[in-house]
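For the numbers below, each heavy atom of this structure counts, side chains included, while hydrogens, waters and symmetry mates do not.
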Amino acid sequence: MKKVVFLVIFIAGSIIASAQIPYKEKSNDYIFGWQDIYSSVPDVPSCSEGALTSAEKQYVLNYVNFIRYLHDLKPVVYDYSGDNAAQKAALIQAANGTLSHTPPPTSACYSQEGYNGSLNSNLHLQWGMGQGSQIDSKVSIVGWMIDNHSQNAQDRCGHRRAIINPFVTAISFGRVEGQGPAGWTMAAALKYMDNVNGNIGDHPVEFVAYPYLNYPPDLVDKSWYLSFSPYYDMSNNFANTNIQYDNTTVEMTDDQGNIISTNSYVWDDEGWGAVQNNFRWKAPGLQNEVKYNVEIKNVVVNGQNRNYSYWFKLTQNIYGIKPETPMLSFPSNDATNTSTSTNFSWSLPSFTYKFQFQLAMDINFTNIVKDTITTINGIVVKNLETTTKYYWHVKAMNDNGSSEWSETFSFTTAAPLPGAPKLASPPDNSIDLPLESTLAWFAQPGAERYHLQVSKSASFAGFSSIDEMQITDSSYTIKAGELEYGTQYYWHIAAFINGQKSAFSEIWKFKTKDPDPIPDKPNLISPIDNATDISLTPVLKWDNVPYAEHYTLKIATDESFSSASSVLTKNTDTNEYQVPPQILQPSTKYYWKVQAWHEAGIGDWSKTFKFTTTTEGSVREQIITDGININPNPVKDILYFMINRSVDSKSIFYVSNLLGDKVLEMSFDHFSQDEIYQINTSSLPKGVYFIRIISADSIYLTKFVKN
């Protein structure tokens, strides 16, 4: 029974170029253009399938043959007679935004030739990428090999079986992209079913396994099915039907003999990918660069019980190349003052699985200090002699051999470590320490800098409240916010002398003071409550509250202090505040209150006092609240306004916030009645603002809200 299956994928992969077959990877920084893929560009809405360039067809053929080469299979050739069917099949899939091997005649862009191509091909569809040919055609082939997104036969891996079917002799490839029902779409078809006619007697294979020998990781989903198909008839693909897997088991081990768990056995004889029999299983936890030995036991092949064995390794080193020579990086050649506990590092050449590191006290490596194998490109060596010259080199290794030894580097270790500093103040076990205290220690002769640590833990494990390594003085003043109230801390110090870090000093501890009490509510002093005839720029005073570090003053036109009535909100560090000009209006009653606070807490509001401003200036500074028309309100960016009364062209224009602070100040050459002006408010935060235009005898005032 001949069956093919189809796939929707959204994945991409890469593979190293082969020097042994004519496949060459497109460079990573190459942006594919229409001219690189199509000799005639498809037009999906017009049902024009376009045509691929000869170079693109050769590229796809080379990649398919590269994969077949990995499985020791005969290469296929390109079947140009199947081009139209493959291209029209891809067009049908792209135009309808779905995959079907048997598209109905009502399908968009339907043709009999496209139907035949759909019936006899692996199909691929993906959408949602940006317009333009920047998808490598091999994406579809990688997806068919991984085969974990099959739409109608999820666990059959039929697309994979088709590409590595030893009896396939030729392929055709179609690709179309353009605007489909779900957006920009790329569809592909690999037509092969008319070419499963090979005779492999001249190149017989007992089985086809996936993955096999050195194998690219990009062609494998480690959580998905591995697969295996045996063959006994080398002349006729469809004769290989007498195979049973009822008692088949899989045993896998790594090179150290560790048993690899296998599960999810499944098999079929349904002919997916024109492969008559296939056995599949999962092996969770596979790793790159590990060689796995596979034994498949108790397969009944044409009446005989057979066992099979092979190996595979997921590796980019598919051609068994020896690693290149590493380049040494740290410590640099001829380095001095190197620590006696030194971290060595070097480059990581391709296809390297381990390194041999040697450290010696002579350039000929006869007096070797350390000779070891490591799987990473670095190593730490401790307890070296002080003031001593050492030599080191490295070579890279893999299963295929070793590189040459690297260049030999030398370095000289530093003099003995300086002694630990001694702490000075505050004394050990101090209590009630202010948060912004100064820690001091005795200066170390020759010290270039110091490393201070302050922590809540005596072991200094985890996060430290202070971890400062660039202190050049013998003291450190703790900054606001670095410590907490009522908390015990531990601290110590180390010195750097001639590039060497000393041991840490002994550990001292201190406890910070508890937070000050929350300040009481202030008592307001002046103006007294219900005062009248108050200046437009009065000085508001209140009692100095113990423990208060700051005060907040509020002035409003009603005692609710709502946002609509708010005139001024101001923070100050003193117990008085003079209201600036242009804030208060004549003959107006105002309410005010004060709140005291410090960093650890906020006190209650004082009692609310009220006062009425003087009538002086009421004529000279007439408040006009209906003289400015604005739109829109609330505003997002541009606010338009128009003045509907006569205004002196020398008037001052500005925008203030609820605190009375100017946030925008602009100048206009003139103000003409009923002319439209604009303000860009995009830089302002959300909130309530006031527009003021101050002329010789009037103040034009209006309010707007910024969203």
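Under a cut-off of 6.0 angstrom, the local environment of OH in Y547 is sparse, with at most 12 non-hydrogen atoms contributed by other residues, nucleotides or ligands. Applying the 6.0 Å contact sphere to CD1 of I676 captures no more than 12 heavy atoms from other residues, nucleotides or ligands. The neighbour count for E559 CD, taken as heavy atoms of other residues, nucleotides or ligands under 6.0 Å away, does not exceed 12.
Among the candidates W491, W441, F504, the single residue satisfying the ring pair (Phe, Tyr, Trp, His ring centres under 6.0 Å) test with Y450 is W441. In summary, of the residues considered (K88, Q87, R175), a side-chain hydrogen bond (donor to acceptor under 3.5 Å, both in side chains) with E49 occurs for K88 alone. A side-chain contact (heavy atoms from CB on, under 4.5 Å) with I679 is found for exactly one of Y640, F653, Y689, namely F653.
Heavy-atom minimum distance, Y476 versus E468: CE1-CG, 4.3 Å. Scanning all heavy atoms of the two residues, the minimum distance from I693 to F641 falls at CD1-CE1, 4.4 Å. Taking each heavy atom of I92 and N96 in turn, the nearest pair found is O-ND2, 2.8 Å. What you find for V139 and Q126 is that their closest heavy atoms are CG1-OE1, 3.5 Å. Scanning all heavy atoms of the two residues, the minimum distance from V176 to L91 falls at CG2-N, 3.8 Å. Residues D221 and S223 share a closest heavy-atom pair of OD1-OG, 2.8 Å.
The closest side-chain donor-acceptor pair between S457 and S455, if any, does not fall under 3.5 angstrom. With hydrogens and angles left out, the side-chain atoms of K222 and N288 include a donor and acceptor closer than 3.5 Å. Under 3.5 Å, the side chains of K686 and N707 contain no donor-acceptor pair of N or O atoms. Side-chain atoms of T615 and S587 form no donor-acceptor pair, as typed in the model, at a separation below 3.5 Å. Donor-acceptor pairing under 3.5 Å is lacking for the side chains of S39 and T53. In this model, a donor atom of one side chain and an acceptor atom of the other lie less than 3.5 Å apart for S46 and D43. Inspection of the H159 and D147 side chains reveals an N or O donor paired with an N or O acceptor under 3.5 Å.
For N523, the side chain to side chain donor-acceptor pair (under 3.5 Å) partners at least two apart in sequence or on another chain are D543.
Two residues are said to be in side-chain contact when any heavy atoms from C-beta on lie closer than 4.5 Å; I466 and L452 meet this criterion. Under the 4.5 Å side-chain criterion, counting only non-hydrogen atoms from C-beta, V142 is in contact with L219.
Among residue pairs with one or both ends in residues 523-546, those qualifying as ring-ring contact (aromatic ring centres under 6.0 Å, His included) are W542-Y551; sequence neighbours excluded.
For K554 and F561, the positive end is not near the middle of the six-membered ring at less than 6.0 Å and at most 45° from its axis.
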